[in-house]
Visitor: 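Here you go, one structure.
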Amino acid sequence: MARGDLVAVALADDVGLGIVVVATGRSFTLACDAPSDVVAAIDAELRPRWVFWSIDTASMLVRHGVRVATCWDIAAVHRLLYGGWRADPARVWAVAHDLALDAMPTEAPFDLFHQELLAGDDPEDPVRPDGHLSPEWANGRWSRSVVRLGRWAELAAVVTLVQRARLVEIEDRPRAMLTARSESTAELLCAALAFDGLPMRRRVAEELIAAFVGPRPSNEVEAQAQRDDRDAAVLACVPGADDLDLRSPGQVKSLLRRVGIEVPDTRGWRLEGMRDAHPVVDALLVWRKAERVATTYGYAWLDAHLGADERLRGAWSGSDGSAGRMTASAGLHNMPADMRGAVIAESGHVFVRADLGQIEPRVLAVVSGDRALAAATQDDDLYAPIAQQLGADRPTAKVAVLGAMYGQTTGRGAHVAGRLEMAYPIAMKFLRDADRSAQGSRDLRTYGGRLINVGSTNANDVDEREMRRIAAARGRYGRNAMVQGAAAELFKMWAVLIRARSAVLGAQIVLCLHDEVLVHVRTEHGLTLAALVVDALDEAAHGWAPDRSVRFVADVSVVERWSDAKA
DNA sequence: TGCGGCTATTG
DNA sequence: CACAATAGCCGCAG
């Protein structure tokens with residue numbers, strides 16, 4: 001048996017850790033409430049692909065100070081195979097055994113009536129007579145017993161085998177097994193990201209916030225006074241508007257109406273061009289910026305998410321429920337650019353920051369197999385050769401390509417859509433096919449094998465016009481999900497390779513942002529790590545798209561502040 | 001109190 | 001201003 005095929009199941013709950021190693025068809029329990037150094041030793045010596053039911057095990061291991069190299073994350077693979085987000089053991093088990101989901105048992109209230117109903121069940125068997133998993137077991141009955149632990153681990157091994165078989169069976173998706181592995185290992189990365197946090201200097205962050213909303217108020221009265229001052233600056237622009245509430249879109253609309261500005265909504269991009277129409281417009285936009293900082297990225301945000309060790313922590317998910325991008329809470333994925341100046345490497349450390357250039361059109365070239373588009377990716381800036389091909393300027397070419405990937409049908413991009421179709425017919429057909437499938441409520445599967453669940457509309461609920469509008473939106477969603485999803489798969493392969501290769505440098509990935517990665521490392525290893533990150537992209541891209549006809553590029557820099565790197 | 005709408009931030 | 005996400009406040013229904 002190959003080293004990588006050795007399967008070890010790690011299970012963890014609040015009280016401890018258990019391990020079962022499965023080899024050549026026989027399983028034997030190594031330990032229950034095993035010390036974490038046993039896990040670490042097994043990982044170092046045997047390098048198994050650990051099997052986890054979910055990221056919870058990885059998180060538990062990380063909290064115990066153990067970072068294993070690779071894993072098979074049953075929940076992550078389930079999401080890949082079947083789409084959506086729900087992937088608890090009972091559901092995964094049922095799907096793996098083709099059992100009806102609506103017959104899935106829920107945990108019975110502990111009373112005599114249900115005791116009666118369950119009389120035929122064996123509490124020591126996690127599988128009920130109807131084939132479903134016992135909810136009691138799914139909720140932790142396996143813990144603190146060597147025998148039950150072994151039984152629970154066997155089930156995980158069984159599910160793993162079913163999942164592997166189904167990945168192989170997916171027609172026309174040869175990268176599915178590879179994707180399942182990297183999606184699994186990305187869960188280990190997420191567990192570490194949540195634990196480690198993003199270095200952020202509290203004093204600097206507070207200064208940046210103060211620049212927008214003033215010093216930290218010491219009580220609620222002061223906070224209210226600051227709010228009132230901000231509001232007054234806007235309301236003073238319009239006589240008699242003192243009692244209007246700027247936080248209410250309807251009242252903002254009437255505020256604007258008083259100065260002769262009639263708008264269907266008050267979104268920033270709509271008001272942007274009207275700054276000259278009346279002073280209140282500019283005042284309102286400035287107010288909105290400050291209000292955003294005050295409510296979402298202000299002192300309360302720091303207090304809630306920035307630890308005493310000056311690390312910003314949020315919850316990480318290896319894939320969202322649709323196309324499969326990573327998600328993060330606590331503002332880690334939508335922190336205003338102005339706040340990035342506070343993301344500063346710790347003393348004696350630097351960040352290696354890298355982002356993939358123009359990843360979506362390059363990914364489109366791979367997944368569609370369009371040779372003409374692949375040729376364009378040889379350029380550092382692929383929009384340059386595309387513009388030349390279309391006989392248009394670069395901004396127009398870029399808008400057209402992005403519009404095709406998002407499903408835009410109006411505006412400047414649509415103007416050259418015909419020429420885009422002529423120049424890159426394979427890529428355009430790929431997008432159109434995805435659009436059409438999704439419009440018809442047919443599920444899609446990404447290049448790496450992720451199922452994209454496409455909803456449907458009940459014709460009774462809406463009229464014909466609304467029906468078409470929803471179908472069109474579904475088409476745009478499907479079109480984009482095929483590109484965005486594949487890009488997410490490539491990104492995660494890159495990220496987990498960086499994680500694996502940079503472990504010897506003591507490096508820590510501290511942020512993943514769709515096409516960008518931030519790695520924290522001791523200063524003396526900065527340049528080595530930067531080179532490693534570039535090599536990792538080459539390796540990931542080659543494994544993902546072996547024919548090498550599409551070029552991927554990364555912008556890499558070694559910096560002390562995140563904001564120093566913005567290209 | 002929960003939820004949809006509006007708004008803003010990011011890729 | 002199309003695709004995706006998180007997140008806050010308002011207004012309304014229950």
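Naming: A, B, ... by sequence-line order, numbering from 1 per chain.
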Visitor: Using side chain to side chain donor-acceptor pair (under 3.5 Å) as the criterion, point out the one residue from D380(A), D379(A), D538(A) that pairs with R551(A).
Guide: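 By the side chain to side chain donor-acceptor pair (under 3.5 Å) criterion, R551(A) pairs with just one of D380(A), D379(A), D538(A): D380(A).
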Visitor: Scan T409(A) against the nucleic acid and name what it touches under 4.0 Å (heavy atoms): base, sugar-phosphate only, or nothing.
Guide: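 Contact class for T409(A): none.
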Visitor: Any base atoms under 4.0 Å from R288(A), or only sugar-phosphate, or nothing? Heavy atoms, all strands.
Guide: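 Sugar-phosphate, backbone atoms only, no base.
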Visitor: At 4.0 Å (heavy atoms only), tell me whether R476(A) reaches a base, stays on the sugar-phosphate, or touches nothing.
Guide: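 Sugar-phosphate: the residue R476(A), judged by heavy atoms under 4.0 Å, touches backbone atoms but no base.
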Visitor: Take atom CZ of R270(A) as the centre, draw a 6.0 Å sphere, and report whether it contains more than 12 heavy atoms from other residues, nucleotides or ligands.
Guide: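 Atom CZ in R270(A) is crowded, with more than 12 foreign heavy atoms closer than 6.0 Å.
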Visitor: Salt-bridge test for E539(A) and R501(A): reply yes if a basic N is under 4.0 Å from a carboxylate O, no otherwise.
Guide: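 Salt bridge: yes.
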Visitor: Under 4.0 Å from any atom of DNA chain C, heavy atoms only: list the residues of residues 195-232 of chain A that qualify, in numerical order.
Guide: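 The answer is none.
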Visitor: What's the CG-P distance between N480(A) and dA5(C), to the nearest Å?
Guide: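 Interatomic distance, CG of N480(A) to P of dA5(C): 10 Å.
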Visitor: Take R499(A) and T185(A), measure what side-chain hydrogen bond (donor to acceptor under 3.5 Å, both in side chains) needs, and give me the verdict at the end.
Guide: CA-CA 10 Å; R499(A) 171 183 181 269; T185(A) 305; over 6 Å; no
Visitor: For the pair made of CZ in R340(A) and P in dT9(B), what is the distance, rounded to whole Å?
Guide: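 Checked: the CZ to P distance equals 13 Å.
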Visitor: Should the pair R216(A)-D303(A) be classified as a salt bridge under the 4.0 Å nitrogen-to-oxygen rule?
Guide: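 The answer is yes: the pair qualifies as a salt bridge.
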Visitor: So that I can tick it off, tell me whether E346(A) and R311(A) are bridged by a salt bridge, with the cut-off set at under 4.0 angstrom between side-chain N and carboxylate O.
Guide: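 A salt bridge is present here (some side-chain N lies under 4.0 Å from a carboxylate O).
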Visitor: May I ask you to decide whether R175(A) forms a salt bridge with E489(A), counting only side-chain N to carboxylate O separations under 4.0 Å?
Guide: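 No.
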Visitor: Counting any heavy atom closer than 4.0 Å, what does G268(A) reach on the DNA or RNA strands: base, sugar-phosphate only, or nothing?
Guide: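 Here G268(A) touches the backbone only, sparing every base.
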Visitor: Quick one: what's the B/S/- string for nucleotides 6-14 of chain C, heavy-atom cutoff under 4.0 Å, read 5' to 3'?
Guide: BSSSSS---
Visitor: Looking only at the side chain of R267(A) (C-beta and beyond, no hydrogens), which of the listed nucleotides dA4(C), dA8(B), dC3(C) gets closest?
Guide: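 Of the candidates, dA8(B) comes closest.
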Visitor: What does M335(A) touch in the nucleic acid at a heavy-atom separation under 4.0 angstrom: a base, only the sugar-phosphate, or nothing?
Guide: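 M335(A): backbone/sugar contact only, no base atoms under 4.0 Å.
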Visitor: Give the rounded distance in Å between these two atoms: CH2 of W287(A) and P of dT7(B).
Guide: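 So the two atoms are 12 Å apart, to the nearest Å.
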Visitor: Just how far, in rounded Å, is P of dG11(B) from CZ of R353(A)?
Guide: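 Going from CZ in R353(A) over to P in dG11(B) covers 10 Å.
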Visitor: For the side chain of Q408(A), starting at C-beta, report the closest nucleotide among dA2(C), dT7(B), dC3(C).
Guide: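 Within the option list, the nearest is dA2(C).
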Visitor: Taking D265(A) first and then K253(A), would you say they form a salt bridge - that is, a charged N and a carboxylate O separated by under 4.0 Å?
Guide: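 No, D265(A) and K253(A) are not salt-bridged.
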Visitor: What is the distance from CG of L511(A) to P of dT10(B), rounded to the nearest Å?
Guide: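 Nearest whole value for this atom pair: 14 Å.
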Visitor: Between atom CZ in R474(A) and atom P in dA4(C), what is the gap in whole Å?
Guide: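 It is 13 Å, rounded to the nearest whole Å.
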Visitor: If you compare every side-chain N and O of T266(A) against the phosphate oxygens of dT7(B) (OP1, OP2), does one of them come in below 4.0 Å?
Guide: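 For dT7(B), OP1/OP2 do have a side-chain N/O of T266(A) under 4.0 Å.
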Visitor: Can you check the R469(A) CZ to dA2(C) P distance for me, whole Å?
Guide: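 Roughly 12 Å, once rounded to whole Å.
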Visitor: Do NZ/NE/NH1/NH2 and the carboxylate oxygens of D443(A) and R445(A) come within less than 4.0 Å?
Guide: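 So D443(A) does not pair with R445(A) through a salt bridge.
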Visitor: Rounded to whole Å, how long is the line connecting atom NZ of K289(A) with atom C1' of dA8(B)?
Guide: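 About 9 Å, once rounded to whole Å.
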Visitor: Is E206(A) salt-bridged to R203(A), going by a charged N under 4.0 Å from an acidic O?
Guide: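 A salt bridge is absent here (no side-chain N lies under 4.0 Å from a carboxylate O).
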